[in-house]
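Here's the structure we're looking at; comments come further down.
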Amino acid sequence: MSTVPIVTARQLGLRVRPRLRRRELGLLVLVSVVLLAGRASLASTLAGHLALGDLRLLGVYLVALFGVHLAFVLAGRRMDQVLLPTVALLGGISLLVMERLPQDLVVQRYAGQTFGLAPLQLGWLLVALMLMGGLGIVVRSDNWLRLYKYTWAAAAIALLLAVFVFGRDVNGAQLDLCVGPVCGQPSELVKVILVVFLAGYLADNRELLAGASTDVGPFRLPPLPYLVPMGIMLGIALGVVSFQHDLGSALLYYLVFLFLLYIATARVSYVVLGLALFLAGSAVLYELYPVVRLRVDVWLNPWADPQGAGFQTLRALYALGSGGILGTGLGAGLPTVGSAPAIPVIESDFVFSAIAEELGLVGALAVLTCYVVIAERGLRIAATAQDDFRALLAAGLTLVVVVQAAIIVGGNIKLVPLTGITLPFVSYGGSSLVANALVVGLLLALSDRGVEPPPPPSARRRAFRWARAGQP
Amino acid sequence: MNVSGGIDAFAVSLWLLRIAFLAGLYLFLLAVSRTMLRDLRSASASTPGELGRLVVVASFEGGPPVGASFPLDAVTTIGRDVNNTISVDDPFASADHAVLTFRGSSWYLEDRGSTNGTYANGAAVVGVAPLGFGDELQVGQLRVRLDRPRPPRTG
């Protein structure tokens, strides 16, 4: 017989107490069925007869989903049960769209093998799921975020500056930073760190910012000295990303900052002041940068230059129109004209247009509703958080995802000027998926309500007993 | 549809498949909204009577263990006297030591002329001091943190 000592989890100090997560399981089963229906619809359209097509990619994705669910069950924490299925649905739709788009849009070689768009996206989705699950299970304390907020801020600025020095150009914007074979966009990571810093700073100085004021003559201004650290951090971040022409990130950082400031202080004057500064800054950028001028001009009238600057926006509008209410069906849209994609960058910035064409208004609204669900869960986690830091962190993380989706969807449908940024969980791209997985992982960890609380009435009585008997 | 005008079985089943996918998306959203509704109902049904909690950070000999928590009423008195809402059997605490009151939307701490003083975040309380959630107060040797009310219990 073997003499290998059997080490149980209990001996290792791990208390494994599984907790069933029925709602999550039910929703995940529903997500799987929906995605399989979508896969069948796509394969049948492409094949011309009823078919299921190649189920390998979707199969791996679904197995990974249930793996994360199982890990959550075994970990036994009481986390939110809706976030994972909602994000899983968005990721699954992303996988379907990437399988449907021409595979040579993105091609990378790893270990002698060539991977197209869909396998690469699947790989990143798996990394994102692992990260999300890992954070949700492992993170039990927020001190490592709370205490080192200035260190995090410094790291974020260092990352941005590193892109500045070593970065690579993508579509006219200096975004990519490569470490060895892996390239990423640090501006995605910086948005998460920015929220951590802002939440930490605002939680510490909330009362000062909400109550005090600086008097300049007859005007009562917000307490300027206490705004300085945040102003410096935000100024550097905004300066660097707008210098790199990453306008989407600049807009996202600023909006999230304003929202968080309002949530922390409930002072309308900050919002008014912030919007005034925003308008002034936009006017300056409009004068300084030809890129900004171009984006605004295209937004106002894309038909002025339909084959040049307005091409992308016009194509996206045509896609919306041809989609109609029910859409053309997955696989039946217009992916390419000749060999070029119908809409430039359809796999990342304009993925919403692809969805709106093939799934129609109905499908596009369903995708948008998923973001509303994420917003509801996140703000709910914020509202039930135990202290100000956790509340602000949860609210900020939620806002990052939702505001980012609003910015790019608004840009795709010509509601606001287009600023290049990814649609969270749906666009192709590792940095975006990893950063948003960090966000959801932290939200899951924050939503954990610890061990089952004792019934309320006995708590008071115990307090008396300790006090009187002098022992617990 | 065929050119001949007859109904093509494949076209119909493909159309059904497409509709099934879209319907599935909304079925998911319906299931999610039912979960949300249930959460909201249970939250409003079990609205906690407590307005905040005190969590013990550091205790005295024979006092409540670190991590123990007390729910708070709108007026919570702390002291050595047994008639206090939270009575602490600590020789360094006065009989009527301090009072926590919830007014409007926030907590206030007041010292009731104690011998050793009441401290909020390490600073002695003079008069009435406003408290935020997460702040630490000290009464005698007992250090407690003011926390938000416990979230309602769901699922």
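Because the structure is predicted, anything quoted here is derived from the model rather than measured. Chain identifiers are assigned alphabetically (A, B, ...) following the order of the sequence lines, protein sequences preceding nucleic acid strands; residue numbering begins at 1 within each chain.
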Practice item. Considering only heavy atoms, give the residues of residues 122-138 of chain B separated from chain A by less than 4.5 Å, sorted numerically, with 'none' for an empty result. Key: B:Gly132, B:Phe133
Review point. Can you name the residues of residues 86-95 of chain A that have some heavy atom under 4.5 Å away from a heavy atom in chain B?
Key: A:Thr86, A:Leu89, A:Ile93
Review point. Going by an N to O cut-off under 4.0 Å, is there a salt bridge joining B:Arg148 and A:Asp388?
Key: yes
Practice item. Please examine the side chains of B:Ser33 and A:Val373, heavy atoms only from C-beta on, and report whether any two atoms are closer than 4.5 Å. Key: no
Point to revise | Per-residue contact mode, B:Leu27 against chain A (heavy atom under 4.5 angstrom) | key: both
Check your understanding: Which bit of B:Ile19 is near chain A, if near means a heavy-atom gap under 4.5 Å: side chain, backbone, both or neither?
Key -> side chain
Revision key, fill the gap. Residue from A:Arg377, A:Arg22, A:Arg39 scoring the most non-hydrogen pairs under 4.5 Å with chain B is A:Arg377
Review point. If you look at every heavy atom in B:Ala31 and A:Leu30, which pair is closest and at what distance?
Key: CB-CD2, 3.9 Å
Practice item. Could you walk me through whether A:Leu96 and B:Phe21 pass side chain to side chain contact (heavy atoms under 4.5 Å, CB included), step by step? Key: CA-CA 12 Å; A:Leu96 287 182; B:Phe21 178 50; 4.0 Å; yes
Practice item. Check whether B:Phe10 gets within reach of chain A through its side chain, its backbone, both or neither, counting any heavy atom under 4.5 Å. Key: side chain
**Study point:** Proximal component of A:Ala391, with respect to chain B [non-hydrogen, under 4.5 Å]
**Key:** side chain
Exercise for review: Could you check B:Thr35 against A:Gln81 for side chain to side chain contact (heavy atoms under 4.5 Å, CB included), going step by step and ending with a plain yes or no?
Suggested key: CA-CA 9 Å; B:Thr35 304; A:Gln81 302 200 29; over 6 Å; no
Check your understanding: Around atom CD1 of A:Ile325, are there more than 12 heavy atoms of other residues, nucleotides or ligands at under 6.0 Å?
Key -> no
Practice item. Flag yes if more than 12 heavy atoms outside B:Phe92 fall under 6.0 Å of its CZ atom; otherwise flag no. Key: no
Check your understanding: Is the closest side-chain heavy-atom distance between A:Arg23 and B:Arg38 below 4.5 Å?
Key -> yes
Review point. Can you tell me how far CG of B:Leu22 sits from CG of A:Leu330, rounded to the nearest 0.5 angstrom?
Key: 8.5 Å
Check your understanding: Can you tell if the side chain of B:Arg145 reaches within under 4.5 Å of the side chain of A:Asp387, non-hydrogen atoms only?
Key -> no
Point to revise | Pairwise side-chain contact, B:Leu14 with A:His49, heavy-atom cut-off 4.5 Å (strictly under) | key: no
Review point. What part of B:Leu25 is in contact with chain A, defined as an atom under 4.5 angstrom from a non-hydrogen atom: side chain, backbone, both or neither?
Key: both
**Study point:** Close side-chain approach of B:Leu17 to A:Ser44, heavy-atom, < 4.5 Å
**Key:** yes
**Study point:** Sidechain-backbone polar pair: B:Arg18 side chain, A:Gly327 backbone, donor-acceptor under 3.5 Å
**Key:** yes
**Study point:** Whether B:Tyr26 side chain and A:Val362 backbone form a donor-acceptor pair below 3.5 Å
**Key:** yes
